[in-house]
Amino acid sequence: MVREWDPRTASSAEIESLLDTVNAAFAADLPADPQWRNSSLREYLAEVMPGERRISWIAQEETADGTPGRIMGHVHVLLLGDIGVIDVLVHPEQRRQGLGRKLIAKAARRTYQEGFSLIGVEVIGDTPAIGFFEALGFAREYVETRSVLRLSTVDWVTLEEMARGISSGYRLEFFPGGPPDEMLDAYARAKAEIRDIDDGDLDLRPSSYDPQRLRDSLSCLHRRGMKPYIVLAVHERSGEVAGLTEVVVPAQHPTRADQYDTIVVRDHRGYGIDRAMKARMLFELRAAEPDLAEVQTWNAQANEPMLKVNAELGFRAERDWCEYGVNVAELVHRLDATGVTAP
């Protein structure tokens, strides 16, 4: 049984059942990744930025007496900008039985009805999801490399030298939870540095470039149980933000943090800012998050400077992370032609 589902009103048993399926899927596809926890999981699934909407469906087993049983699949579509971003998972016990297609059909038809023309999805390399989405007509548009740093392997003496290796005239400032409001204008100007770069990214996880949007983004992270940490490089003479790096520690998997943007403003490149910021961040995380064991980051394969910095810090490339896209009308037509109709 596939039905629309709202995590805000879902029972605690449903949230736990979904968590079981999430962890079963991770165990099959990403066995080295940490298992998720039920810490703020409901909020993680429900909260969105202003102007965005998330619509979800679940697939449940039917028990002998006809009542809903375990959640064996889940899909949601996040409607943002001009694209619908989907996320789908199916319990390994139920794969290759058509359940994934039924879930995609629900999300695709709703996206089409909402007037969107494009669907995008992140697909993890070296998993069955690659063949699944390509068989549905999704085309690969963008590839990043995911790299993982295990803090137990860090050479902290060398890292301290890196953190200090910033040219004179700059200072590093650390802000757990996000920068103060008076710095948001300068912070936004620095983030806008990458706004107009067209590298083929479908913007499935768009950055925020204006002060109010940044406030909303930080607020949304906190509501979802995700704690942001920010290191800024400040140009002392002008007071401008010359660079920034962001890491988020999610309550759902607090032993592995997620690297977000790292940016150095064009006029301030070549002064060791990127390496120093990221090294300083690792020191701060070690003190602030004693349970943290790993940090993961994603980089475009063409971004050789950042890949080099990450390698010097100890990150090790682990697998590809791909963005796929498809025309919504074509996807709905293809699903109809193969007999996947909405119940």
Side-chain angles (χ1 to χ4, degrees), residues 4 22 25 29-30 44-57 73-90 99-146 194-209 213 217 220-221 224 226 248 258-261 296-303 319-336 338 340:
E4 193 166 333
V22 168
D29 298 334
L30 296 168
Y44 177 86
L45 295 166
E47 295 292 340
V48 296
M49 292 275 286
E52 298 177 358
R53 286 184 294 144
R54 181 184 285 114
I55 309 170
S56 300
W57 294 261
H74 171 259
V75 67
H76 70 241
V77 58
L78 179 65
L79 302 174
L80 57 92
D82 58 357
I83 190 171
V85 182
I86 61 172
D87 189 8
V88 61
L89 65 90
V90 174
L99 180 55
R101 283 176 174 256
K102 289 181 181 178
L103 290 166
I104 292 292
K106 284 287 190 180
R109 290 189 177 90
R110 179 64 64 86
T111 303
Y112 181 74
Q113 292 166 2
E114 295 283 346
F116 289 74
S117 60
L118 180 66
I119 280 180
V121 62
E122 287 188 330
V123 186
I124 303 167
D126 300 322
T127 67
I130 294 288
F132 171 76
F133 282 104
E134 289 182 351
L136 288 175
F138 284 76
R140 187 178 300 190
E141 304 288 351
Y142 185 71
V143 179
E144 293 181 302
T145 297
R146 185 177 81 163
I194 61 171
R195 178 176 49 198
D196 298 324
I197 296 176
D198 183 8
D199 57 2
D201 187 354
L202 292 177
D203 281 336
L204 305 186
R205 294 173 289 170
S207 295
S208 301
Y209 308 118
R213 182 77 174 171
S217 178
C220 185
L221 285 172
R224 299 182 78 197
M226 307 168 75
V248 171
D258 298 327
Q259 174 78 61
Y260 280 31
D261 285 340
Q296 60 186 358
T297 186
W298 293 262
N299 296 104
Q301 295 175 336
N303 191 353
R319 67 173 66 219
D320 287 344
W321 219 262
C322 312
E323 293 184 0
Y324 278 76
V326 69
N327 178 276
V328 178
E330 293 176 3
L331 175 59
V332 170
H333 176 75
R334 187 174 293 109
L335 290 167
D336 287 343
T338 56
V340 183

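Computed from a prediction, not measured in an experiment: that's the story for all the values here.
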**Request:** Just do the side chain to side chain donor-acceptor pair (under 3.5 Å) check on D320 and Q301 with the steps written out, would you?
**Result:** CA-CA 9 Å; D320 287 344; Q301 295 175 336; 3.2 Å; yes

**Prompt:** Would V48 and L78 count as a side chain to side chain contact (heavy atoms under 4.5 Å, CB included) if you check the C-alpha gap in whole Å, the side-chain angles of each, and the deciding distance to 0.1 Å?
**Reply:** CA-CA 9 Å; V48 296; L78 179 65; 3.9 Å; yes

Is [Y] close to [X] at the side-chain level, that is, under 4.5 Å between some pair of heavy atoms?
X    : Y    : result
R146 : L30  : yes
T127 : R319 : yes
L118 : D82  : no
I119 : L331 : yes
I86  : H76  : no

Once rounded to the nearest 0.5 Å, what's the spacing between atom [atom1] of [X] and atom [atom2] of [Y]?
X    : Y    : atom1 : atom2 : answer
Y324 : L136 : OH    : CG    : 11.5 Å
Y44  : M226 : OH    : CE    : 5.5 Å
K106 : T111 : NZ    : OG1   : 13.0 Å
W298 : Y260 : CH2   : OH    : 8.0 Å
M49  : C220 : CE    : SG    : 6.5 Å

**Request:** Could you check I104 against R109 for side chain to side chain contact (heavy atoms under 4.5 Å, CB included), going step by step and ending with a plain yes or no?
**Result:** CA-CA 8 Å; I104 292 292; R109 290 189 177 90; over 6 Å; no

**Message:** Could you tell me if D258 and Q296 have a donor-acceptor pair between their side chains, going purely by distance under 3.5 Å?
**Reply:** yes

**Prompt:** Does the side chain of E144 pick up a donor-acceptor pair with the side chain of N303 at under 3.5 Å?
**Reply:** no

**Heavy-atom pair with the smallest gap, counting every atom of A108 and V328** = O-CG1, 3.5 Å

**Item:** Y142 to A300 - nearest heavy-atom pair and separation
**Value:** OH-CB, 3.2 Å

**Message:** Looking at R334, is its backbone amide N or carbonyl O close enough to the side chain of T338 to form a donor-acceptor pair, meaning the two atoms are under 3.5 Å apart?
**Reply:** yes

**Asked** Is the side chain of R140 donor-acceptor paired with the backbone N or O of E323 at a distance under 3.5 Å, no angle test?
**Response** no

Is the closest basic N to carboxylate O distance between [X] and [Y] below 4.0 Å?
X    : Y    : result
E4   : R110 : yes
R213 : E52  : yes
R53  : E114 : yes

**Request:** Kindly state each residue pair satisfying ring pair (Phe, Tyr, Trp, His ring centres under 6.0 Å) with at least one member in residues 110-133, sequence neighbours excluded.
**Result:** F133-F138

**Request:** Assess whether side chain to side chain contact (heavy atoms under 4.5 Å, CB included) is satisfied between E122 and C322, documenting all intermediate values.
**Result:** CA-CA 6 Å; E122 287 188 330; C322 312; over 6 Å; no

**Request:** I would like to know whether V75 and D87 meet side chain to side chain contact (heavy atoms under 4.5 Å, CB included); could you show each step before the answer?
**Result:** CA-CA 6 Å; V75 67; D87 189 8; over 6 Å; no

**Message:** Applying the side chain to side chain contact (heavy atoms under 4.5 Å, CB included) criterion to L89, which one of D29, V22, L103 satisfies it?
**Reply:** V22

